[in-house]
Amino acid sequence: MTRFAPLLDQLGDLGEVVVTADALHCQRDHVAYLAERGAHWILTVKGNQPHLRTQLAALPWRAVPDADRGTCRGHGRREIRTLKILSASTGIDFPNAAQAIQIRRRRRRLDQPKRFTTETVYAITDLLVHQAKPAQLAAWTRGHWSIGNTVHWVRDVTYDEDRSQIRTGTGPQVMATLRNAAIGALRLTGVTNIAAANRHHARDSNRPLALLGIT
């Protein structure tokens, strides 16, 4: 969290830029920093802000119609996403929060069409109603998740990270860094299928060296 401001300090003008961030960055000092830079924000709210999340979950969402709805397919699943929005006047204890957002993601595996899982995610934003349409808010949140999915889904599934037996000391962090480096190196070459790229490079020990520019 301490790297939030130093990282963004390296960027130029943030005026009117919309910054999206994970729940880790749902912090008062972070939104104060963004306000000073003239940026807008959309922040996911999870368990690290229990009071705020309880407030959001208690809002009268059942009475709110869907503001946006979309579907997509990928990774052998079909997902239906709905987005609802409420004004902060309904009670949100967070500085500069103008709107509360509820996003529900209903997923089913294509090979198990009758089995659904539902996930409800909450977010807040300083953007006012006239500054962002529901479709824009939905697109920004989807764009943020897609960035995470290109890394986290690959780490969890392709690299089977959750079943790693490396658990002591800094080993887990080191391995996570190495996995991210491998994914990043492959992505920079235009690779879209990491599993296939791993198999390709595993067949010849010279290929990973060439990928990294080591000859």
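If you read the sequence from its start, that first residue is 1, and numbering goes on from there. The structure displayed is predicted, hence computed values, not measured ones.
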What's the verdict on side chain to side chain contact (heavy atoms under 4.5 Å, CB included) for Thr125 and His40, showing C-alpha distance, side-chain angles and the deciding distance?
CA-CA 8 Å; Thr125 179; His40 295 292; 5.8 Å; no
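Closest non-hydrogen pair, Leu59 versus Ala100, comes out as CD1-CB, 3.8 Å. Counting all heavy atoms, side chain and backbone alike, Asn48 lies closest to Leu24 at ND2-CA, 3.9 Å. Minimum interatomic distance between Pro172 and Ile166 (heavy atoms only, all atoms of both residues): CG-O, 3.4 Å. Considering all non-hydrogen atoms of both residues, Ile85 and Gln99 come closest at CG2-OE1, 3.0 Å. Nearest heavy atom pair, residue Lys133 against residue Gln136, reads N-OE1, 2.8 Å. Nearest heavy-atom pair across Pro95 and Trp41 is O-CZ2, 3.6 Å.
With contacts defined as side-chain heavy-atom distances shorter than 4.5 Å, the pair Leu34/Asp126 does not qualify. Counting heavy atoms from C-beta on, the side chains of Leu186 and Leu211 come closer than 4.5 Å. With contacts defined as side-chain heavy-atom distances shorter than 4.5 Å, the pair Leu43/His30 does not qualify. A heavy-atom distance below 4.5 Å is not found between the side chains of Lys46 and Asp22. Counting heavy atoms from C-beta on, the side chains of Asp68 and Leu137 never come closer than 4.5 Å. Between Leu52 and Asp93 the shortest side-chain heavy-atom distance does not fall below 4.5 Å. Under the 4.5 Å side-chain criterion, counting only non-hydrogen atoms from C-beta, Leu178 is not in contact with Tyr159. Residues Leu56 and Gln102 have side chains not in contact (no heavy-atom distance under 4.5 Å, counting atoms from C-beta outward).
Side-chain atoms of Asn193 come within 3.5 Å of backbone atoms of Ala196 as a donor-acceptor pair (strictly under, hydrogens ignored). At distances below 3.5 Å, not a single donor-acceptor pair connects side-chain atoms of Gln49 with backbone N or O atoms of Ala23. Remark: the backbone N or O of His200 is paired with a side-chain donor or acceptor of Arg207 at under 3.5 angstrom.
Taken from CZ in Arg187 to CD1 in Ile194, the straight-line distance is 4.0 Å, to the nearest 0.5 Å. Remark: Arg81 CZ to Arg69 CZ distance equals 11.0 Å, nearest 0.5 Å. For the atom pair SG of Cys26 and CZ of Arg53, the computed distance is 12.0 Å after rounding to the nearest 0.5 Å. A distance of 11.5 Å separates CZ in Arg105 from CZ in Arg142, rounded to the nearest 0.5 Å. Ile92 CD1 to Gln55 CD: the interatomic distance, rounded to the nearest 0.5 Å, is 7.5 Å. Going from atom OG1 of Thr141 over to atom CD1 of Ile103 covers 4.0 Å, rounded to the nearest 0.5 Å.
Considering only residues two or more places apart in sequence or on other chains, Thr177 meets the side chain to side chain contact (heavy atoms under 4.5 Å, CB included) condition with none of them.
Residues Ile80 and Trp61 fall into different hydrophobic clusters, defined by Ile, Leu, Val, Met, Phe, Trp and Tyr side chains chained together at heavy-atom separations under 4.5 Å. In the hydrophobic cluster analysis, where Ile, Leu, Val, Met, Phe, Trp and Tyr join through side-chain heavy atoms closer than 4.5 angstrom, Tyr122 is grouped together with Val64. Placement of Tyr33 and Leu11 within a single hydrophobic cluster is found when ILVMFWY residues are connected by side-chain heavy-atom separations under 4.5 Å, directly or transitively.
Environment of CZ in Arg37: crowded, with over 12 heavy atoms of neighbouring residues, nucleotides or ligands closer than 6.0 Å.
Taking the six-membered ring where tryptophan is involved, the planes of His25 and Phe4 are tilted, since the angle between them lies from 30° to 60°.
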